[in-house]
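Before any comments, here is the structure.
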2 protein chains.
Amino acid sequence: MKPLSSEPTNQMRPFEQSLPMGLLRARESAMKVFRPMLADHNLSEQQWRVLRALSARAEQLDAGELAEKTFLLAPSLSRILASLEKRELIERADDPADQRRSLISLSGNGADLVSRIGPTSEALYRSIEEAFGRDRLKRLLAELSDLAAMELHAVRS
Amino acid sequence: MKPLSSEPTNQMRPFEQSLPMGLLRARESAMKVFRPMLADHNLSEQQWRVLRALSARAEQLDAGELAEKTFLLAPSLSRILASLEKRELIERADDPADQRRSLISLSGNGADLVSRIGPTSEALYRSIEEAFGRDRLKRLLAELSDLAAMELHAVRS
DNA sequence: TTCATATACTTAACATGTTAATAGTCTTAG
DNA sequence: CTAAGACTATTAACATGTTAAGTATATGAA
């Protein structure tokens, strides 16, 4: 039944059910699981992304690579690196090939911290997998990846 | 033999493929489509969420309802409402039943602005639907909704 | 070599995210 | 009716998001 047939054709859809809001809600729901654990270690979500990116490979990364991996803009990353360096969780070394870059890596303290948090983080992730379904979650991630990879052209009004 | 100082465990999954990062990437990709249009009208994503929420129903909303619908925290919403009021896109009226609340609604200017942006926004949304698949997008939104609705308990380390 | 341009990062300025504290207003136990 | 506590919104303080400008280094054309 269509009781609203008299509404204008350019009626906007309820924004609560829009894709951006759906993605926002889903992400907030997922992060609610992880944030208390990070708070226990005085880490923001963004700081944790940096530490995780540096722990993924044992090698050094420059700020550009790190920004790409953590999905942080350069100015935010600059401030975050300064604070992590002050806390002695990361270290910087000059790049001998390019004086503009510095090579960033986990410090011993940083590696220890990641090691302490890692198991809990994995356990939380597995609890999401169990609640939602492992294969189902895998399919969802694949769909999200396809969506992100789409070439969408912006149109200006 | 393993050294006593712990190395980052390799048992963590690559965080680039984690659920939080997947959701973040997907959302950024979707918002890239809409942000230029909003920028043309000097609106942030958050300001647009407020205007959209107020236009969805012609009725007045208090700040609490608005915060829930727009997924904004109260302090952010307070500042955004102040700026929208200064631009005369919204209006506030005293709630006769409760002096703590004020009832917020679109001004004439605000309603006009939403009317001007609405068609372009809908067109962009349809372009995403076409590129990704209408039914496929509907299924994705349903999955995201299920994920957000899950009761996930945080665990502290 | 020299100089204009590009690149990598940082800093600046302001909006928003986030938690804690504050100020009014409402509600209700006593 | 009063006072204590709860509720609603705002303000404060600091981290992060975002765009623009600035600094230092690298690159390439003449």
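Letters A, B, ... are given to chains in the order of the sequence lines, protein chains preceding strands, and every chain is numbered from 1.
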Exercise for the section: Can you establish whether the number of heavy atoms outside B:E45 located under 6.0 Å from its atom CD is more than 12? Expected result: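 Yes.
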
Handout entry: Atom CD of A:E88: over 12 foreign heavy atoms under 6.0 Å
Key =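 No, not enclosed.
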
Whole Å only: how far is the [atom1] atom of [X] from the [atom2] atom of [N]?
X: A:L66; N: C:dA8; atom1: CG; atom2: P; value: 15 Å
X: B:W48; N: C:dT16; atom1: CH2; atom2: P; value: 16 Å
X: B:R27; N: C:dT16; atom1: CZ; atom2: C1'; value: 13 Å
X: B:D95; N: D:dC7; atom1: CG; atom2: P; value: 17 Å
X: A:L73; N: D:dA20; atom1: CG; atom2: P; value: 12 Å
X: A:N42; N: D:dT16; atom1: CG; atom2: P; value: 12 Å
X: A:E85; N: C:dT10; atom1: CD; atom2: C1'; value: 13 Å
X: A:K32; N: C:dG17; atom1: NZ; atom2: P; value: 16 Å

Hey, does [Y] have a side-chain heavy atom less than 4.5 Å from the side chain of [X]?
X: A:E129; Y: A:R134; answer: yes
X: A:L51; Y: A:H41; answer: no
X: B:F34; Y: B:I128; answer: yes

Give a yes/no on whether any side-chain N or O of [X] is located under 4.0 angstrom from OP1 or OP2 of [N].
X: B:S44; N: D:dT18; answer: no
X: B:Q46; N: C:dG17; answer: yes
X: A:R49; N: D:dT16; answer: no
X: B:R100; N: D:dT10; answer: no
X: A:R79; N: C:dC9; answer: no
X: A:Q99; N: C:dC9; answer: no
X: A:S76; N: D:dT16; answer: no

Handout entry: Given D:dT10, C:dC9, C:dG17, the nucleotide with the shortest approach to the side chain of A:R101
Key =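 Looking only at heavy atoms from C-beta outward on A:R101, the closest nucleotide is C:dC9.
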
Practice task
Measure from the side-chain heavy atoms of B:P75 and tell me the nearest of C:dT19, C:dG17, D:dA9.
Solution key: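 Looking only at side-chain atoms, B:P75 lies closest to C:dT19.
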
Check every strand shown and say whether [X] touches a base, only sugar-phosphate, or nothing at a heavy-atom separation below 4.0 Å.
X: A:L77; value: nothing
X: B:A63; value: sugar-phosphate
X: A:Q47; value: sugar-phosphate

Practice task
Using the closest heavy atom to pick a nucleotide of DNA chain D for each, name whichever of A:D98 or A:I80 lands nearer the 5' end.
Solution key: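 Result of the comparison: A:I80.
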
Exercise for the section: Using the rule that two of Ile, Leu, Val, Met, Phe, Trp, Tyr join whenever any of their side-chain heavy atoms come within less than 4.5 Å, decide whether A:L81 and A:V114 are in one cluster. Expected result: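 Looking at the clustering, A:V114 is in the same group as A:L81.
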
